[in-house]
Amino acid sequence: MRASRFFIHTAKEAPAEAELVSHRLMLRAGFVRKAAAGIYSWLPCGWRVARKIAEIVREEMDAAGCAEIFMPAVQPAELWRESGRWSVYGAELLRFSDRHGREFCMGPTHEEIVSDILRAAVSGHRQLPVNLYQIQTKFRDEIRPRFGVMRSREFIMKDAYSFDICEKGMRESYETMRRAYCRIFDRVGLKYRMVAADSGAIGGDTSHEFVVLADSGEEEILYDKNGNYAANAEHVPCAANDNGGDGNSRPEPREEMKKIQTPGITTIAALHEFLGGKTPPARSIKTMIARGSNGACALLLAGDRSLNIAKAARQPEIGAGAELASAEEARELIGAGFGSLGPVNMQLPVVADYSLQKSADMVCGANEDGYHYVGVNFGRDCPMPRFADLRAAQSGDAVPGGEGKLSSCRGIEVGHIFQLGDKYSKAMNVCAEMPEGGARPVLMGCYGIGVTRIVAAAIEQAHDERGMIFPDAIAPFAAVVIPIAPKKSGEETRAAAEKTYGELRAAGIDVLLDDRELRPGVMFAEADLLGIPHRIVISPRGLQNNEAEYKHRAADSPENIPAKTAAETITKKIRSNLAAGAGGQISRACQTS
RNA sequence: CGGGGUAUAGCGCAGCUUGGUAGCGCGCCUGCUUCGGGAGCAGGAGGUCGUGAGUUCAAAUCUCGCUACCCCGACCA
């Protein structure tokens with residue numbers, strides 16, 4: 001591609017609205033242009049990156065035995081009513097009507113449509129298994145779109161759906177996808193981890209997330225440095241024998257329970273200070289009121305720990321749809337506000353986190369505004385609560401089922417694979433005649449990759465003050481040839497640049513020739529901003545010694561190489577980089593559970 | 001959805017307090033010079049000041065409504 005005929009519009013300044021690095025750089029580099037909140041046009045440079053990612057995904061999905069289809073972005077309400085999701089999905093589903101008043105939505109995902117396709121086409125087990133995928137625009141009406149294409153409302157996603165007749169088959173399909181995903185992210189060239197996303201109601205590996213490592217990521221990952229464990233922090237179980245804090249130190253009560261006046265004290269930190277620092281937050285009882293389908297319940301945690309609401313939902317006292325009660329509800333149920341609650345004389349059922357199991361002489365609210373109890377002990381001053389795993393795991397907790405402590409890092413979710421079982425096939429009657437006779441719902445899996453989000457994640461992961469730094473496989477161009485050729489005396493330089501450019505093209509390298517005859521500084525700045533990994537500069541000065549200058553985007557300084565064989569040299573580098581990503585050997589990032 | 005903020009040329013901003021018919025930088029166009037890290041000089045194009053109403057002789061500026069966008073919050077008692 002010749003820069004003179006391409007569409008490169010960069011800016012020195014980014015619009016004020018962008019605060020995330022990737023968003024700023026994408027706007028400065030002219031990757032995208034916003035059309036509305038969370039809705040973007042993809043301009044040529046950005047689109048090249050997105051396309052390259054999509055193409056890698058496509059190749060690996062095809063190689064894994066999936067068949068590409070293309071489903072409608074606009075979907076009829078009737079299918080969503082059939083699956084039950086029309087009423088469940090909420091405001092994130094963008095709904096509208098056509099001229100006849102028929103209801104539709106913009107697809108946030110495609111289980112309904114693909115199920116409808118399957119039930120029409122498949123009737124017997126001999127036609128399965130099948131795995132269909134598409135690369136499509138999705139729409140989710142996010143409450144608050146932000147970070148550019150990282151959390152946009154309209155985005156491009158690869159979604160695949162597998163259909164099997166038995167659980168073993170579903171697991172095999174899942175495993176095939178897991179491996180394909182590892183190959184995809186290896187090839188894309190990013191640092192990532194596959195992490196457990198659900199410890200499993202069904203048991204086993206039912207869901208994995210693929211997370212690109214970046215400090216600005218919204219997901220927290222907890223992992224074992226020895227590589228035996230990695231999971232989304234939200235899904236890390238805390239074991240019964242891991243009590244955290246200083247909870248192991250005082251098994252026997254030493255103090256009598258006393259009620260003390262604590263005017264205006266409603267936080268653990270304020271209480272700690274009020275008590276003169278004597279009772280650490282770990283021995284303060286944090287009492288929260290949660291309710292779900294089964295009722296309301298008081299949850300107790302060590303004061304230095306946080307609740308994981310999903311874990312609360314697993315308690316029989318609470319049940320599905322668990323939410324924390326509002327301050328008004330708490331007052332109605334208990335008669336005291338937040339910060340003054342506690343297990344002593346608590347009318348609601350009580351469940352305590354393991355973090356309190358070995359604590360004695362604790363502090364808690366007195367269920368009366370302005371009062372706390374000190375010297376509280378379970379079993380003596382209030383009934384011994386049932387202990388359960390309620391808290392959010394954090395760095396320093398024990399590795400589940402293993403040795404040592406968890407470490408923490410941040411990442412961006414770019415892929416997620418699930419075993420769905422018969423949830424949709426049952427609701428939508430996707431059945432197949434089984435080998436043993438009789439029709440049964442088929443078992444599904446679904447597998448997503450955020451194509452456009454990967455663009456932002458890649459930039460988030462690798463950039464410097466001058467701009468983006470792309471891996472070879474997804475850079476807008478793998479290489480750029482820059483002639484430094486003054487209008488009057490640059491004939492020879494231009495010719496040499498053309499020659500190198502031609503040779504690179506002939507070798508199949510995706511190369512940009514910057515033939516715009518701009519000042520060198522401008523061309524360098526743009527090449528750096530765009531993150532083009534390999535740069536060859538041809539100058540009159542170099543040509544006198546038969547040399548070209550080569551610099552990798554991430555390198556500190558350039559090196560001189562023979563001009564004659566410059567194209568060959570770069571071709572070799574790029575080919576070896578691409579081969580390393582597609583090496584067949586799945587990277588270590590994928591070997592954690 | 002609650003709170004806060006912003007809206008002036010393609011982008012970044014000033015002007016608004018104290019009303020008088022719009023300006024700066026980047027970018028764009030023309031010319032000359034320059035040519036290894038976002039050039040210099042000279043000339044030029046480009047704006048219904050988000051939108052609707054109101055106040056006024058006069059509104060970017062004051063008042064009210066609307067819309068869009070951004071930020072914070074919407075689980076830690």
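A, B, ... follow the sequence lines: proteins, then strands. Residue 1 opens every chain.
Going from the C1' atom of B/A7 to that of B/A60 covers 11 Å, rounded to whole Å. Across B/U8 and B/C69, the matching C1' atoms stand 15 Å from one another, rounded to whole Å. Between the P atoms of B/A59 and B/G20, the separation comes to 11 Å (whole Å). Atom name P, nucleotides B/A74 and B/G2: the rounded distance is 16 Å, in whole Å. Across B/G73 and B/C26, the matching C1' atoms stand 36 Å from one another, rounded to whole Å. As rounded to the nearest Å, B/G12 and B/G27 have C1' atoms that lie 11 Å from one another. Here the separation of B/C13 from B/C1, taken at their C1' atoms, is 33 Å to the nearest Å. Going from the P atom of B/C41 to that of B/G25 covers 10 Å, rounded to whole Å.
Pairing for B/U17 is absent, with no Watson-Crick or G-U wobble pair whose two atom distances lie under 3.5 Å.
Between the C1' atom of B/G38 and the CD atom of A/E465 lies a distance of 15 Å, rounded to the nearest Å. Distance, A/E547 CD to B/G36 C1': 15 Å, rounded to whole Å. If you take CG of A/L301 and C1' of B/C76, they are 9 Å apart, rounded to a whole angstrom. Taking atom CD of residue A/E92 and atom C1' of nucleotide B/C1, one finds them 14 Å apart after rounding to whole Å. For the pair A/E142 CD and B/A74 C1', the interatomic distance rounds to 15 Å; values are reported in whole Å. Distance CG (A/L20) to P (B/C70): 14 Å, rounded to an integer number of Å. One can place CG of A/D514 at 14 Å from C1' of B/C35, the figure rounded to the nearest angstrom. Counting to the nearest Å, the C1' atom of B/C75 and the CG atom of A/D353 are 15 Å from each other.
In the set B/C76, B/G36, B/C69, the nucleotide with an atom closest to the side chain of A/E549 is B/G36. Nearest nucleotide to the A/R33 side chain, out of B/C76, B/C69, B/C11: B/C11.
Among the heavy atoms of the strands lying under 4.0 Å from A/A37 are primed sugar atoms or P, OP1, OP2 only; no base atom is included. A/A325 comes within contact range of at least one nucleobase, with a heavy-atom separation under 4.0 Å. Note on A/I309: nothing from the nucleic acid sits closer than 4.0 angstrom, heavy atoms only. Looking at heavy-atom distances under 4.0 Å, A/T266 makes contact with sugar-phosphate atoms alone, never a base. Within the 4.0 angstrom heavy-atom criterion, base atoms lie near A/R28.
With contacts defined as side-chain heavy-atom distances shorter than 4.5 Å, the pair A/L222/A/S408 qualifies. Here the side chains of A/P383 and A/V350 are not in contact, with every heavy-atom distance at 4.5 Å or above.
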Taking only N/O atoms, report every protein-nucleotides 23-32 of chain B pair under 3.5 Å with atom names and distance.
| residue | atom | partner | partner atom | Å |
| --- | --- | --- | --- | --- |
| B/G25 | N2 | A/E13 | OE1 | 3.3 |

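In this structure A/K259 satisfies the side chain to side chain donor-acceptor pair (under 3.5 Å) test together with A/E368, sequence neighbours excluded. A/F387 pairs by the ring-ring contact (aromatic ring centres under 6.0 Å, His included) definition with A/F378, not counting sequence neighbours. Judged as a salt bridge (Lys or Arg N to Asp or Glu O under 4.0 Å), and not counting sequence neighbours, the contacts of A/E568 are A/K572. Residues satisfying the ring-ring contact (aromatic ring centres under 6.0 Å, His included) test with A/F96, not counting sequence neighbours, are none. By the side chain to side chain donor-acceptor pair (under 3.5 Å) test, A/K138 is found to be paired with A/H110, A/D159, residues two or more places apart in sequence or in another chain being considered.
Evaluation of the side chain to side chain donor-acceptor pair (under 3.5 Å) test over residues 521-531 of chain A, restricted to residues two or more places apart or in two chains, returns A/T10-A/E526, A/R466-A/D528, A/R516-A/E526.
Near-neighbour residues of RNA chain B inside residues 517-529 of chain A, defined by a heavy atom below 4.0 Å, number-ordered: A/R519, A/P520, A/G521, A/V522, A/F524, A/A525, A/E526, A/D528, A/L529.
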Could you go through residues 42-50 of chain A and list every donor-acceptor pair under 3.5 Å that involves a side-chain atom there, pairing it with any protein atom two or more places apart or in another chain?
| residue | atom | partner | partner atom | Å |
| --- | --- | --- | --- | --- |
| A/R48 | NH1 | A/P476 | O | 2.9 |
| A/R48 | NH1 | A/D510 | OD1 | 3.1 |
| A/R48 | NH1 | A/D510 | OD2 | 2.9 |

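Dashed line: the shortest gap from a side-chain N or O of A/K286 to OP1 or OP2 of B/C75 is not under 4.0 Å.
By the 30° and 60° cut-offs, the orientation of the rings of A/F477 relative to A/F6 is perpendicular.
The backbone N or O of A/D515 sits nowhere less than 3.5 Å from a side-chain atom of A/R494 that would complete a donor-acceptor pair.
Summary of the strand contacts: A/I285 and A/P558 both lie near RNA chain B, and taking for each the nucleotide with the nearest heavy atom, the more 5' one is attributed to A/P558.
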